[in-house]
Student: 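Structure provided below as structure tokens; questions to follow.
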Amino acid sequence: MSVSKAISAHVPYLRRFSRALTGTQAGGDAYVLATLEAVVAEPGAFADTADLRVALYRLFLKVWESMPVNDYVEPAVSSADEQGAQRNLEAIPLQPRVAFLLSSLEGFDTAEVARVLECSAEEAADLVDRAGKEISRQIRTDVLIIEDEPLIAIDIQMLVEELGHRVVAIARTRDEAVKAAKSSTPGLILADIQLADGSSGLDAVNQILNDFSMPVIFITAYPERFLTGTPPEPAFLITKPFGVDSLKAVISQALFFDRRSHRKIPPEARAALV
């Protein structure tokens with residue numbers, strides 16, 4: 001495969017990253033175009049690279065740091081979710097912001113983030129961690145945990161509180177969850193799928209979302225049953241057993257990107273979970 005074809009596969013994602021970083025579609029596209037022009041000018045720079053995607057993002061950041069093209073474009077009209085994400089993004093210092101977007105939006109692991117930023121893995125991990133803590137500080141919220149296993153519920157509660165949020169209730173059944181949501185109106189829900197009395201965390205969330213709109217993170221030991229390809233699928237899904245760092249990252253993402261759930265999972269998707 002030629003370098004141009006290999007790079008073209010990454011361009012849509014680079015545009016997404018650029019738009020998030022600059023805050024506008026026009027500004028983001030301008031930086032991507034400048035990056036591609038740099039590739040055309042020196043195609044040999046990518047010929048022998050072991051990781052083309054890392055090299056492309058590294059070049060993009062060098063272009064972004066050296067060229068103020070975003071000063072000369074009109075801000076684009078964004079959706080409410082995008083506007084919320086941009087407000088949250090602007091509260092994060094520059095270096096942690098870049099590291100956070102590479103990790104959370106583009107899916108680079110810590111080692112790849114380090115190579116893109118040309119720093120050590122420890123420095124990259126610290127930048128991502130700083131971004132997560134800043135997000136939590138800026139967007140503290142009340143959290144409802146729907147979990148029937150006491151030890152897991154306590155672990156989640158401790159982690160959520162460590163991030164600066166407040167746990168308003170831990171519900172073990174659908175009825176408890178719906179009652180807790182009505183009395184406390186949480187800003188985030190972390191929900192297990194299958195609950196102690198045979199009820200469903202999914203049904204509890206769907207009932208709650210009839211009256212409220214908020215981000216939801218589902219926790220399940222069987223993610224393949226949830227990701228059926230039938231829309232709408234969950235924006236945030238954690239697999240049991242979950243790692244502390246991964247759960248922290250997903251909580252930060254859910255609040256940062258302000259993806260408020262409001263659509264019910266259809267019956268055919270629920271049936272796949274039984």
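Only heavy atoms go into these numbers, but all of them, side chains included; no hydrogens, no water, no symmetry mates. Since the structure is predicted, the reported quantities are computational estimates derived from the model, not experimental observations.
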Student: Could you tell me whether a side-chain N or O of S103 sits under 3.5 Å from a main-chain N or O of A99, the two making a donor and an acceptor?
Tutor: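 Not at all, since once roles are kept as given, no pair shorter than 3.5 Å links the two residues.
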Student: Quick check: do V54 and R58 have side-chain heavy atoms less than 4.5 Å from each other?
Tutor: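 Yes - at least one pair of side-chain heavy atoms lies under 4.5 Å apart.
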Student: Under the salt bridge (Lys or Arg N to Asp or Glu O under 4.0 Å) rule, collect the residues that match up with E161, sequence neighbours excluded.
Tutor: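 So E161 forms no salt bridge (Lys or Arg N to Asp or Glu O under 4.0 Å) with any residue.
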Student: Report yes if some heavy atom in the side chain of W64 is under 4.5 Å from a heavy atom in the side chain of F60; otherwise report no.
Tutor: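 Side chain of W64 against side chain of F60, heavy atoms only: contact under 4.5 Å found.
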Student: Where do P12 and A9 come nearest, in terms of heavy atoms and distance?
Tutor: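 Taking P12 first and A9 second, the nearest heavy atoms are CD-O, 3.8 Å.
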Student: How far apart are the C-alpha atoms of L190 and I238, what are their side-chain angles, what is the distance that settles it, and do they pass the side chain to side chain contact (heavy atoms under 4.5 Å, CB included) test?
Tutor: CA-CA 10 Å; L190 289 101; I238 288 286; over 6 Å; no
Student: Could you measure the distance from the CD atom of Q157 to the CG atom of D155? Nearest 0.5 Å is fine.
Tutor: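 If we round to the nearest 0.5 Å, Q157:CD and D155:CG are 10.0 Å apart.
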Student: Taking the side chain as every heavy atom from C-beta outward, state whether L127 and L117 have any pair of such atoms under 4.5 Å apart.
Tutor: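 Touching, per the 4.5 Å side-chain cut-off.
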Student: When you look at R19 and D29, which way does the salt bridge (Lys or Arg N to Asp or Glu O under 4.0 Å) test go after all the steps?
Tutor: CA-CA 7 Å; R19 180 174 181 175; D29 287 351; over 6 Å; no
Student: Would you check, one step at a time, whether the test side chain to side chain contact (heavy atoms under 4.5 Å, CB included) holds for L188 with V216?
Tutor: CA-CA 6 Å; L188 174 68; V216 178; over 6 Å; no
Student: Applying a strict under-4.5 Å side-chain criterion to I, L, V, M, F, W and Y, I'd like to know whether L94 and L61 cluster together.
Tutor: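 They do share one cluster, since a chain of ILVMFWY contacts under 4.5 Å joins L94 to L61.
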Student: Is there a donor-acceptor pair under 3.5 Å between the side chain of E123 and the backbone N or O of S120?
Tutor: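 Checking the backbone N and O of S120 against the side chain of E123, a donor-acceptor pair under 3.5 Å is found.
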Student: Between H165 (side chain only) and T141 (backbone N and O only), is there a donor and an acceptor less than 3.5 Å apart?
Tutor: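 Yes; judged by distance alone, with no hydrogens or angles, the pair exists.
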Student: Report the C-alpha separation of E149 and R172 in whole Å, then their side-chain angles, then the decisive distance to 0.1 Å, and conclude whether the salt bridge (Lys or Arg N to Asp or Glu O under 4.0 Å) test is met.
Tutor: CA-CA 8 Å; E149 298 184 37; R172 299 182 68 248; over 6 Å; no
Student: With a 4.5 Å heavy-atom cut-off, do T220 and K240 have their side chains touching?
Tutor: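 A side-chain contact is absent here, since even the closest heavy-atom pair is not under 4.5 Å.
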Student: Any side-chain heavy atom of P186 sitting closer than 4.5 Å to one from M214?
Tutor: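 In contact.
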Student: Can you see which heavy atom on A124 is nearest to which on C119, and at what distance?
Tutor: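 Nearest pair, atom of A124 first, then C119: N-SG, 3.8 Å.
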Student: Mind listing the closest non-hydrogen atom pair of F218 and G201 along with its distance?
Tutor: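 The pair with the smallest heavy-atom distance is CE2-O, 4.5 Å.
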Student: What pairs of residues pass the side chain to side chain donor-acceptor pair (under 3.5 Å) test when at least one of them lies in residues 180-191, not counting sequence neighbours?
Tutor: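 Listed by first then second residue: nothing to list.
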Student: Should L159 and I251 count as side-chain neighbours, where that means a heavy-atom distance under 4.5 Å?
Tutor: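 The answer is yes, as the side chains (C-beta and beyond) meet within the 4.5 Å cut-off.
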Student: Can you find a heavy atom in the side chain of V168 that is under 4.5 Å from one in the side chain of V143?
Tutor: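 Result no, sub-4.5 Å side-chain heavy-atom pair not found.
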Student: With clusters built from Ile, Leu, Val, Met, Phe, Trp and Tyr whose side-chain heavy atoms come within less than 4.5 Å, directly or transitively, what are the remaining members of the cluster of I154, listed by chain and number?
Tutor: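 Via sub-4.5 Å side-chain contacts, I154 links to M158.
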Student: Would you say the side-chain atoms of S199 pair up with the backbone N or O of R174, donor to acceptor, closer than 3.5 Å?
Tutor: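 Answer holds: yes.
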Student: Who pairs with D148 by salt bridge (Lys or Arg N to Asp or Glu O under 4.0 Å), at least two apart in sequence or on another chain?
Tutor: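 Listed in chain order: nothing, the list is empty.
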Student: Do T239 and I219 have side-chain heavy atoms sitting under 4.5 Å apart?
Tutor: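 Result no, sub-4.5 Å side-chain heavy-atom pair not found.
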Student: For residues S18 and G28, report the shortest heavy-atom separation together with the two atoms involved.
Tutor: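 Smallest heavy-atom distance, with atoms named: OG-O, 2.7 Å.
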Student: Is the cationic atom of R53 (NZ for Lys, CZ for Arg) positioned less than 6.0 Å from the six-membered ring centroid of Y57 and within 45 degrees of its normal?
Tutor: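 Flagged: R53 positioned over aromatic ring of Y57.
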Student: Measure the spacing between CG of L144 and CD1 of I208 and express it to the nearest 0.5 Å.
Tutor: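 If I round to the nearest 0.5 Å, the distance is 5.5 Å.
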Student: Between I189 and I217, does the side chain to side chain contact (heavy atoms under 4.5 Å, CB included) criterion hold? Intermediate values first, please.
Tutor: CA-CA 6 Å; I189 296 177; I217 299 171; over 6 Å; no
Student: Minimum heavy-atom separation for A131 to P96, with atom names?
Tutor: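 Taking every non-hydrogen atom into account, CB-O, 3.5 Å.
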Student: Cluster question for you: counting only ILVMFWY and a side-chain heavy-atom cut-off of under 4.5 Å, with indirect links fine, are V128 and L163 together?
Tutor: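 No, V128 does not connect to L163 through the hydrophobic network.
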Student: What are the two closest non-hydrogen atoms of V178 and A204, and how far apart are they?
Tutor: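 Nearest heavy atoms, V178 then A204: CG2-O, 4.1 Å.
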Student: Between atom CD of E176 and atom CD1 of I146, what is the distance when rounded to the nearest 0.5 Å?
Tutor: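 Between atom CD of E176 and atom CD1 of I146 there are 10.5 Å.
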Student: Are more than 12 heavy atoms, taken from residues, nucleotides or ligands other than Q95, located less than 6.0 Å from that residue's CD atom?
Tutor: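 Not more than 12 within 6.0 Å, no.
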Student: Can you tell me if L151 has over 12 outside heavy atoms packed within less than 6.0 Å of its CG?
Tutor: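 No.
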Student: Measuring from atom CZ of F17 to atom CG of L56, what distance do you get when rounded to the nearest 0.5 angstrom?
Tutor: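 Rounded to the nearest 0.5 Å, the CZ-CG separation comes out at 10.5 Å.
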Student: Whether the side chain of E112 engages the backbone of D109 through a donor-acceptor N/O pair (distance < 3.5 Å, no angle test) should be reported.
Tutor: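 Such a contact is found between E112 side chain and D109 backbone.
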Student: Measuring from atom CD of E65 to atom OH of Y31, what distance do you get when rounded to the nearest 0.5 angstrom?
Tutor: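 Going from CD on E65 over to OH on Y31, the span is 10.0 Å.
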Student: Just jot down the salt bridge (Lys or Arg N to Asp or Glu O under 4.0 Å) partners of R140, sequence neighbours excluded, or say none.
Tutor: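 Expected list: none.
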Student: Quick one: list whatever passes salt bridge (Lys or Arg N to Asp or Glu O under 4.0 Å) with D142, sequence neighbours left out.
Tutor: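 With sequence neighbours excluded, D142 shows a salt bridge (Lys or Arg N to Asp or Glu O under 4.0 Å) to R166, given in chain and number order.
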Student: How many angstroms lie between atom CG of L33 and atom CD of E37, to the nearest 0.5 angstrom?
Tutor: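 So the CG of L33 and the CD of E37 are separated by 4.0 Å.
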Student: How far apart are the C-alpha atoms of I7 and L36, what are their side-chain angles, what is the distance that settles it, and do they pass the side chain to side chain contact (heavy atoms under 4.5 Å, CB included) test?
Tutor: CA-CA 9 Å; I7 286 177; L36 296 179; 4.0 Å; yes
